[in-house]
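Quick note on labels: first sequence line is chain A, next is B, and so on, each numbered from 1. Just the heavy atoms: all of them, side chains too, but no hydrogens, waters or symmetry mates, feed the values below.
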Amino acid sequence: MALKGIKVVEFAGLAPGPFAGLVLADNGATVVRIDKTSSSSSSDILCRNKRSLAIDSKTQSGVIVLKRLISSSDILIDPFRPGVMERLGLGPAVFLGKDGEVGLNGRLIYARIAGFPRTGSYKDMAGHDINYLALSGILSMLPGSHDRPTFPLNLLADFAGGGLICALGIMLALFERNSSGRGQVVNVDMVSGARYVSSFPLIHALNPSTGTFAGNRGDNLLDGGAPFYSIYSCKDGACMSVGCLEPQFFATFIEHFTKALPSDFKQQSGWVPHSSAQFDRDTWPKLKSFLELGFKTHTRDEWAAVFMNTDSCAVPILTPEEANKKEIPGQFAPLPHPRVLTMSNSDIVPLPINDGTIELSPGKHTLEILRELGFTNDEYQKLIQDGAIEGSGLKSKL
Amino acid sequence: MALKGKKVIEFAGLAPAPFAGLVLSDNGASVIRVDRPSASTLDVLCRGKRSVAVNSKVPSGRELLKRLIVSSDVLIDPFRPGVMERLGLGPDVFLGKSGLNQRLVYARIVGFPRTSSYKDMAGHDLNYLAMSGVLSMLPGSAHKPNFPLNLLADFAGGGMHCVTKVLLALLERNESDRGQIVDVDMVSGTRYVSASPLIHRSNPATGRFASKRGTNLLDGGAPFYNIYLCRDGGLMTLACIEPPFFGVFIEKFIQALPGHSVLSDEWRDFPALAAQADRKLWPRLKQFLTIGFASRARHEWTDIFFETDACCVPVLTPEEAAQGFGSSDDPVKDISGPCLLNPGQHTKEVLTAELSVTEDEYERLLNDSAIGQC
């Protein structure tokens with residue numbers, strides 16, 4: 001595993017931080033999540049293979065523990081608003097040094113994930129995925145109803161533009177550290193991250209001459225405007241996805257689709273699509289209603305069978321349960337991806353995740369981690385007295 | 001730049017491969033896009049790249065490609081399983097026992113999983129999204145979900161994942177001095193980036209995605225995590241999930257409502273603040289917010305909530321977003337001009353300067369139709 005031996009300190013936060021930590025953990029890093037002592041539980045489900053240290057960073061001795069931990073780690077993930085870590089005495093300068101002064105850990109990769117850009121006028125405001133998506137410009141392009149777009153859960157800003165971008169930034173910094181021997185600050189904000197991931201549609205939208213996103217929202221090739229890149233409901237209410245962009249695939253799709261229609265359907269409609277007219281926008285409304293009505297003549301699975309093993313680019317929309325079964329039956333979380341293989345194991349089927357944990361109690365590993373950091377029993381008791389950590393009820397000893 | 005000096009060969013393909021190449025190029029790698037001589041391309045993700053046009057159907061063209069790959073660090077293969085092997089350019093040729101470039105990171109991006117029954121079928125983002133299970137969770141109409149363009153499978157689940165793993169392979173190579181195969185399929189990639197909602201969905205006890213599509217906290221079910229229409233047709237997003245933020249929002253929102261014309265009697269006693277925690281009141285709360293937001297223009301609401309923790313910000317168009325919002329770090333702003341990389345634009349340059357192809361060899365390749373010219 002590429003990150004074996006790499007130590008990560010992930011300050012508990014919402015979506016992007018835990019996902020970045022998960023990607024690192026899935027690639028072999030050991031991740032410690034820092035929780036507040038006041039948290040009795042955590043809703044973080046992206047916690048497999050992580051450990052938790054619960055500490056009160058507002059106490060002096062708590063900060064000392066954290067400094068020790070971070071000094072002996074490779075990566076730090078800071079999910080807080082700009083300035084929070086500095087106020088705790090744990091800002092990047094403390095570890096990476098500043099103005100010629102040596103820091104506590106010059107090799108540390110200090111990854112900071114903010115929502116709004118760190119240098120913008122929104123930087124101190126609270127926000128969530130949908131807000132970052134709103135400022136990115138991409139939300140306004142997403143298909144929806146006639147007067148507004150819909151948003152794909154919190155996937156684009158929190159995960160794609162946040163956690164995944166953060167993991168990418170960390171990899172780049174690790175790579176540079178290999179030659180420079182030095183750590184760096186990785187700055188992520190989810191507005192910029194969402195924009196970067198959305199480069200393709202945004203660049204097209206800003207350059208209407210390309211034609212790909214020149215129309216109004218919902219009228220383009222890839223946002224539901226084209227009948228041959230869309231979703232259709234079937235007889236049983238379940239849906240099929242159709243994505244036959246290329247002429248040869250559209251021709252194949254039309255061939256199989258029309259062949260499968262009941263004979264009385266064709267008679268009623270009177271109009272049959274011609275593959276040569278695929279890009280004739282004037283015929284799109286006719287094509288759309290032909291497909292809508294046609295798909296309703298069979299169930300989803302019947303249509304799935306019609307198009308199976310063809311280049312029609314028409315496949316069923318699976319529920320999460322169905323999709324889970326297809327990946328590895330009996331497993332309920334997506335497998336880490338992608339896979340890295342050598343020639344000798346390239347045919348091996350993916351192994352299931354062996355840790356299905358979706359709950360990591362705050363502070364579960366406090367004792368263990370303090371022991372690893374070399375704290376003595378006296379120091380441990382003092383930390384409890386100071387309120388920096390919670391004792392575990394009984395007189396626990398290191 | 002982290003990847004300075006690294007050489008990438010990107011076989012021209014659709015979205016995910018060019019995006020992966022773009023990210024590598026943006027971080028200092030020199031990326032060569034391999035085109036077919038007759039190709040025309042709409043690839044806008046081409047900044048910083050060069051193009052070589054090679055006809056892989058002729059033997060000397062294939063030999064040329066081999067030479068290019070042998071001198072590279074990373075290869076991006078966007079084709080269906082088996083295509084590169086048939087060209088004599090499969091991973092075995094480079095990474096096998098007597099491989100020609102044991103340090104090569106061979107990245108393969110496909111749509112459907114390589115070991116699935118769909119592996120040989122054509123497909124696009126929407127299809128991979130469909131198979132991932134995620135599409136069925138996305139909000140939309142009563143009958144079907146909406147899809148976010150081709151962002152989730154092509155870019156997040158495809159290109160982005162490819163780059164992170166290529167980097168990890170390069171990291172490992174520093175120790176092992178060996179390359180590896182990086183296998184990406186966009187169904188699995190979409191699933192991985194969507195781990196959170198998928199895991200919640202598999203574990204209804206968490207409550208986060210336990211309800212029907214469109215009725216959960218983050219898929220439009222909650223009135224305080226939603227999009228609202230303003231008087232001028234502009235839109236505001238609202239995301240005040242935490243009670244303190246909702247409190248900030250509601251106070252300023254109600255304050256800003258222009259008196260009795262909006263707050264008719266039926267709304268005067270509406271317990272807006274308490275409504276957040278009471279699902280039974282959500283439909284009423286949604287109505288209340290809908291009516292309220294419609295009473296002012298987008299820019300007014302923007303000002304009202306600016307510099308507060310109401311989590312209420314405007315939906316910007318791409319043009320507005322490109323103007324920036326006081327930030328100096330915008331990755332898209334600088335490249336608003338169309339990027340034109342014509343197939344074969346750098347064939348001669350790359351061959352003569354980097355592969356030491358002589359003038360005679362170059363002429364022969366042209367005569368063979370092994371290469372094309374711009």
message: Counting C-beta onward and ignoring hydrogens, is there a side-chain heavy-atom pair between S188(B) and L335(A) closer than 4.5 Å?
response: no
field: S136(B) (side chain) donor-acceptor with L318(A) (main chain) under 3.5 angstrom
entry: yes
- prompt: Is the closest side-chain donor-acceptor distance between Y118(B) and N309(A) under 3.5 Å?
  reply: no
message: Minimum heavy-atom separation for A122(B) and D311(A), please, with both atom names.
response: N-OD1, 2.9 Å
- request: Compare every heavy atom of L198(B) with every heavy atom of P320(A), then report the nearest pair and how far apart it is.
  value: CB-CD2, 3.9 Å
Crowding at CG, L14(B) (>12 non-hydrogen neighbours, <6.0 Å): no
field: Distance in Å, L171(B) CG paired with L174(A) CG, rounded so as to fall on 0.5 Å steps
entry: 5.5 Å
query: Among N127(B), T164(B), L3(B), which residue forms the greatest number of heavy-atom pairs with chain A at distances under 4.5 Å?
result: N127(B)
field: Pair L149(B)-I138(A), side-chain contact (heavy atoms from CB on, under 4.5 Å): steps then yes or no
entry: CA-CA 10 Å; L149(B) 314 182; I138(A) 193 66; 4.0 Å; yes
field: Residue P149(A) versus chain B: region with a heavy atom under 4.5 Å
entry: both
- request: Please check if the side chain of H337(A) supplies one atom and the backbone of D185(B) the other of a donor-acceptor pair under 3.5 Å.
  value: yes
task: Heavy atoms only, distances under 4.5 angstrom: which of F175(A), F307(A), F213(A) has the most pairs with chain B? Name it, please.
output: F175(A)
- line: Of P148(B), S117(B), G123(B), the largest count of non-hydrogen pairs under 4.5 angstrom with chain A goes to P148(B)
- request: Measure distances from M236(B) to the heavy atoms of chain A and classify the residue's part below 4.5 Å as side chain, backbone, both or neither.
  value: neither
query: By a 4.5 Å heavy-atom criterion (distance strictly below it), what part of L217(B) contacts chain A: side chain, backbone, both, or neither?
result: neither
- prompt: Which bit of P91(B) is near chain A, if near means a heavy-atom gap under 4.5 Å: side chain, backbone, both or neither?
  reply: both
- prompt: By a 4.5 Å heavy-atom criterion (distance strictly below it), what part of E321(A) contacts chain B: side chain, backbone, both, or neither?
  reply: side chain
message: I'd like to check S241(A) versus L129(B) (side-chain heavy atoms, cut-off strictly below 4.5 Å). Are they in contact?
response: no
- prompt: Quick one: CG on L170(B) to CG on N178(A), what's the gap to the nearest 0.5 Å?
  reply: 10.5 Å
message: Less than 4.5 Å to any heavy atom of chain A: does that hold for the side chain of F147(B), its backbone, both, or neither?
response: both
Any side-chain heavy-atom pair of H143(B) and Y232(A) under 4.5 Å: no
side-chain contact (heavy atoms from CB on, under 4.5 Å) between E246(A) and H124(B), worked out: CA-CA 10 Å; E246(A) 291 83 349; H124(B) 281 289; 2.7 Å; yes
field: Heavy-atom pair of closest approach, residues E319(B) and A205(A)
entry: OE2-O, 3.7 Å
- request: Select, from D223(A), N27(A), L153(A), the one with the greatest count of heavy-atom pairs under 4.5 Å involving chain B.
  value: L153(A)
Inter-residue atom distance M131(B).CE - E322(A).CD, 0.5 Å rounding: 9.5 Å
- prompt: Should R201(B) and N324(A) be marked as a side-chain hydrogen bond (donor to acceptor under 3.5 Å, both in side chains) after you check the CA-CA gap, both sets of side-chain angles, and the distance that decides it?
  reply: CA-CA 11 Å; R201(B) 172 66 181 242; N324(A) 282 343; over 6 Å; no
Chain B contacts, top residue of T310(A), I231(A), V242(A), L222(A) (heavy-atom pairs, under 4.5 Å): I231(A)
statement: Most heavy-atom pairs under 4.5 Å with chain A, out of D154(B), T206(B), I241(B), belong to I241(B)
message: Please give me the minimum heavy-atom distance between F151(A) and P139(B), naming the atom from each residue.
response: O-CG, 3.1 Å
task: Could you grab the distance from atom CD1 of I317(A) to atom NZ of K144(B), nearest 0.5 Å is fine?
output: 9.0 Å
task: Locate the shortest heavy-atom distance separating P318(B) from L202(A); write the atom from each residue and the value.
output: CB-CD2, 3.9 Å
- request: With the side chain counted from C-beta on, respond yes when L133(A) and T237(B) share a heavy-atom pair under 4.5 Å apart, and no when they do not.
  value: no
field: Close side-chain approach of L168(A) to V163(B), heavy-atom, < 4.5 Å
entry: yes
message: On a heavy-atom basis, which atom in L135(A) and which in A321(B) lie closest, and how many Å separate them?
response: O-CB, 3.4 Å
task: Determine the option with the most heavy-atom pairs under 4.5 angstrom with chain B, choosing from P143(A), S233(A), A238(A).
output: P143(A)
message: Let's test your reading of the structure: which of D44(A), D129(A), T212(A), N220(A) forms the most heavy-atom pairs below 4.5 Å with chain B?
response: D129(A)
Ring center gap for F200(A) and F155(B) short of 6.0 angstrom: yes
message: Taking side chain as everything from C-beta outward and backbone as N, CA, C, O, which of these in V23(B) sits under 4.5 Å from a heavy atom of chain A? Side chain, backbone, both or neither.
response: both
message: Are Y192(B) and L164(A) packed together at the side-chain level, in the sense that at least one heavy-atom pair is separated by less than 4.5 angstrom?
response: no
query: Roughly how far, to the nearest 0.5 Å, is the CD atom of E172(B) from the CG atom of L3(A)?
result: 8.0 Å
query: Within a strict 4.5 Å, meaning less than it, do heavy atoms of the S140(A) and L316(B) side chains meet?
result: no
statement: If one checks every heavy atom of P145(B) against chain A at 4.5 Å, the contacting part turns out to be both
message: Is it the case that atom CG in L14(A) sees more than 12 heavy atoms from other parts of the structure closer than 6.0 Å?
response: no
- request: Considering only heavy atoms and a distance below 4.5 Å, find which of Y128(B), Y106(B), F306(B), F245(B) pairs most often with chain A.
  value: F306(B)
field: Modelled atom types, side-chain donor and acceptor of N150(B) and Y229(A), under 3.5 Å
entry: no
query: If you tally heavy-atom pairs under 4.5 Å against chain A, which of D120(B), L138(B), L235(B), L151(B) wins?
result: L151(B)
- prompt: Heavy-atom distance under 4.5 Å to chain A: side chain of S194(B), backbone, both or neither?
  reply: both
- prompt: Are side-chain heavy atoms of M125(A) and F305(B) found at a separation under 4.5 Å?
  reply: no
- request: Count the heavy-atom pairs under 4.5 Å between each of L167(B), L126(B), L218(B), V315(B) and chain A, then report the option with the highest count.
  value: L126(B)
query: Using a cut-off of under 4.5 Å for heavy-atom pairs, which of R217(A), R81(A), M1(A) has the most such pairs with chain B?
result: R81(A)
query: Please walk me through it: do R191(B) and K326(A) pass side-chain contact (heavy atoms from CB on, under 4.5 Å)?
result: CA-CA 12 Å; R191(B) 285 173 62 73; K326(A) 265 194 159 22; over 6 Å; no
- request: Hey, could you give me the CD1/SG distance between I199(B) and C47(A), rounded to the nearest 0.5 Å?
  value: 8.0 Å
